[in-house]
Amino acid sequence: MPYQAVLFDLDGTLLNTLIDLAESANSALAELGYPVHPIDAYRFFVGGGVRVLFERALPEQNRDADTVQACVERFTKIYDERWDVKTHLYDGVAEMLDGLAARQIKMAVLSNKPHSFTQICAAKYLAPWPISPVLGQRDGFAHKPDPTGALEIAKELGIATEDFLYLGDTATDMQTALAAGMFAVGALWGFRPEEELREAGAQALIAAPTDLLGCLE
């Protein structure tokens with residue numbers, strides 16, 4: 001039976017947000033007196049939510065809860081002002097979404113990005129397509145790789161989890177998909193390397209977004 005729905009990660013899968021995330025985080029670190037990092041280092045810092053980002057980016061001796069929280073608060077203010085300066089859809093994403101919509105495949109987003117930022121990113125970059133629900137990290141809700149959000153989306157859409165493809169670019173995404181009983185597809189154009197996706201249990205790997213259309217059957 002063909003798959004009936006696709007659940008997407010956002011950053012590193014549909015949107016290339018790396019530069020805006022990295023420059024905002026570096027600004028927060030610098031303002032608070034901590035070392036900054038090359039843009040590419042953020043490929044491995046992001047993916048677990050903003051708190052995890054700074055738990056990874058801060059010097060080991062400065063990863064106490066108060067310092068992390070100060071960084072999160074400063075980052076949030078900075079990112080709110082510059083979240084869309086260099087962010088863009090990856091090449092091929094629009095064509096993939098067009099193809100899924102034409103096939104009447106249901107689409108949804110689940111991100112570890114804060115819910116408010118997930119919503120505004122989707123509103124700006126994904127509005128042409130029928131993608132709903134769009135969920136980010138919400139207070140009081142477990143975040144990926146916990147499957148709670150994925151299961152919530154499946155229930156809202158009324159589609160069994162085994163009828164979902166899940167497309168993401170990190171080990172966290174592959175773990176989420178498998179925990180939810182969805183078919184885990186790794187995006188090789190994203191933030192993390194192929195080896196990480198394979199080790200995390202990716203059931204398929206695709207080199208370009210439109211390749212997902214070939215996984216529907």
Side-chain angles (χ1 to χ4, degrees), residues 3 5-22 24-25 37-58 60 63 68 71-72 75 87 89-90 92-93 96 107-115 117-118 121-122 134-138 141-154 161-209 211-212 214-215:
Y3 289 98
V6 179
L7 181 55
F8 296 107
D9 175 48
L10 186 65
D11 298 40
T13 300
L14 298 178
L15 299 181
N16 188 344
T17 56
L18 187 66
I19 295 176
D20 286 335
L21 288 168
S24 297
H37 303 275
I39 298 295
D40 272 353
Y42 283 89
R43 293 180 180 276
F44 296 91
F45 294 163
V46 302
V50 180
R51 293 195 63 83
V52 173
L53 187 163
F54 285 104
E55 287 169 359
R56 294 168 175 167
L58 282 162
E60 188 171 355
R63 295 174 184 173
V68 170
C71 290
V72 169
F75 167 86
T87 289
L89 288 173
Y90 283 103
V93 165
M96 172 188 68
M107 296 179 279
V109 166
L110 179 64
S111 177
N112 273 344
K113 194 185 201 77
H115 185 66
F117 286 131
T118 300
C121 282
V134 174
L135 301 181
Q137 188 171 326
R138 299 163 290 166
F141 290 83
H143 58 273
K144 301 185 295 184
D146 187 286
T148 299
L151 297 174
E152 176 184 348
I153 287 170
T161 57
E162 59 265 28
D163 294 327
F164 273 80
L165 293 174
Y166 183 116
L167 180 65
D169 68 305
T170 69
T172 296
D173 293 310
M174 301 303 96
Q175 293 159 1
T176 304
L178 296 172
M182 299 177 177
F183 189 82
V185 183
L188 295 178
W189 59 87
F191 294 165
R192 301 291 178 80
E194 178 177 348
E195 181 181 8
E196 175 178 320
L197 296 169
R198 289 189 182 279
E199 290 179 353
Q203 293 163 290
L205 296 168
I206 58 174
D211 293 344
L212 187 72
C215 297

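For this chain, numbers begin at 1 and follow the sequence in order. Since we're looking at a predicted model, the values are computed, not measured. Just so you know, these numbers use all the heavy atoms, side chains as well, and skip hydrogens, waters and symmetry mates.
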Can you tell me how far apart [atom1] ([X]) and [atom2] ([Y]) are? Round to the nearest 0.5 Å.
{"X": "Leu110", "Y": "Glu152", "atom1": "CG", "atom2": "CD", "value": "8.5 Å"}
{"X": "Cys71", "Y": "Leu58", "atom1": "SG", "atom2": "CG", "value": "4.5 Å"}
{"X": "Thr87", "Y": "Ile19", "atom1": "OG1", "atom2": "CD1", "value": "8.5 Å"}
{"X": "Asp146", "Y": "Gln175", "atom1": "CG", "atom2": "CD", "value": "11.5 Å"}
{"X": "Phe75", "Y": "Leu53", "atom1": "CZ", "atom2": "CG", "value": "6.0 Å"}

Steps toward side chain to side chain contact (heavy atoms under 4.5 Å, CB included) verdict (Val93, Phe8): CA-CA 11 Å; Val93 165; Phe8 296 107; over 6 Å; no

Can you give me the closest heavy-atom contact between [X] and [Y], atom names plus distance?
{"X": "Gly168", "Y": "Asp9", "value": "CA-CB, 3.9 Å"}
{"X": "Ile153", "Y": "Ala108", "value": "CG2-CB, 3.6 Å"}
{"X": "Ala57", "Y": "His37", "value": "O-NE2, 2.7 Å"}
{"X": "Leu167", "Y": "Gly186", "value": "CD1-C, 4.3 Å"}
{"X": "Ala202", "Y": "Met174", "value": "CB-SD, 3.6 Å"}
{"X": "Ala184", "Y": "Ala177", "value": "CB-CB, 3.6 Å"}

Any donor-acceptor pair under 3.5 Å from Asp169 side chain to Ala187 backbone: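 Looks like no, no N/O pair under 3.5 Å.
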
Donor-acceptor under 3.5 Å (Asp20 side chain, Thr17 main chain):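 Answer holds: no.
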
Counterpart residues, side-chain hydrogen bond (donor to acceptor under 3.5 Å, both in side chains), relative to Arg63 (two or more places apart):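 Once residues adjacent in sequence are excluded, Arg63 has no partner under the side-chain hydrogen bond (donor to acceptor under 3.5 Å, both in side chains) criterion.
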
Result of checking Leu18, Thr13, Leu14 against Asn16 for side-chain contact (heavy atoms from CB on, under 4.5 Å):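 So the option named by the test is Leu18.
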
The single option from Asn112, Val46, Leu21, Thr118 passing side-chain contact (heavy atoms from CB on, under 4.5 Å) against Asp11: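 When Asn112, Val46, Leu21, Thr118 are each tested with Asp11, the side-chain contact (heavy atoms from CB on, under 4.5 Å) holds only for Leu21.
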
4.5 Å side-chain heavy-atom contact, [X] and [Y]:
{"X": "Trp189", "Y": "Ile206", "answer": "yes"}
{"X": "Val6", "Y": "Val185", "answer": "no"}
{"X": "Arg56", "Y": "Phe44", "answer": "no"}

Phe183 and Tyr3 aromatic ring geometry - parallel, tilted or perpendicular at 30°/60° bounds: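 Taking Phe183 first and then Tyr3, their aromatic rings sit tilted (interplane angle of 30° to 60°).
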
Arg43 and Glu196 ion-paired at < 4.0 Å: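 No salt bridge links Arg43 with Glu196.
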
Ion pair check, Asp173 and Arg192, cut-off under 4.0 Å: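 The answer is no: the pair does not qualify as a salt bridge.
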
Side chain to side chain contact (heavy atoms under 4.5 Å, CB included) partners of Glu194, counting only residues at least two apart: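 Glu194 satisfies side chain to side chain contact (heavy atoms under 4.5 Å, CB included) with Leu188, Arg198, Leu205 once adjacent residues are dropped.
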
Partner residues of Ala180 under the side chain to side chain contact (heavy atoms under 4.5 Å, CB included) criterion, sequence neighbours left out: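 Ala180: side chain to side chain contact (heavy atoms under 4.5 Å, CB included) contacts with Pro147, Ala150, Leu151, Met182.
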
Criterion side chain to side chain contact (heavy atoms under 4.5 Å, CB included) on Thr172 and His143, from CA distance to verdict: CA-CA 10 Å; Thr172 296; His143 58 273; over 6 Å; no

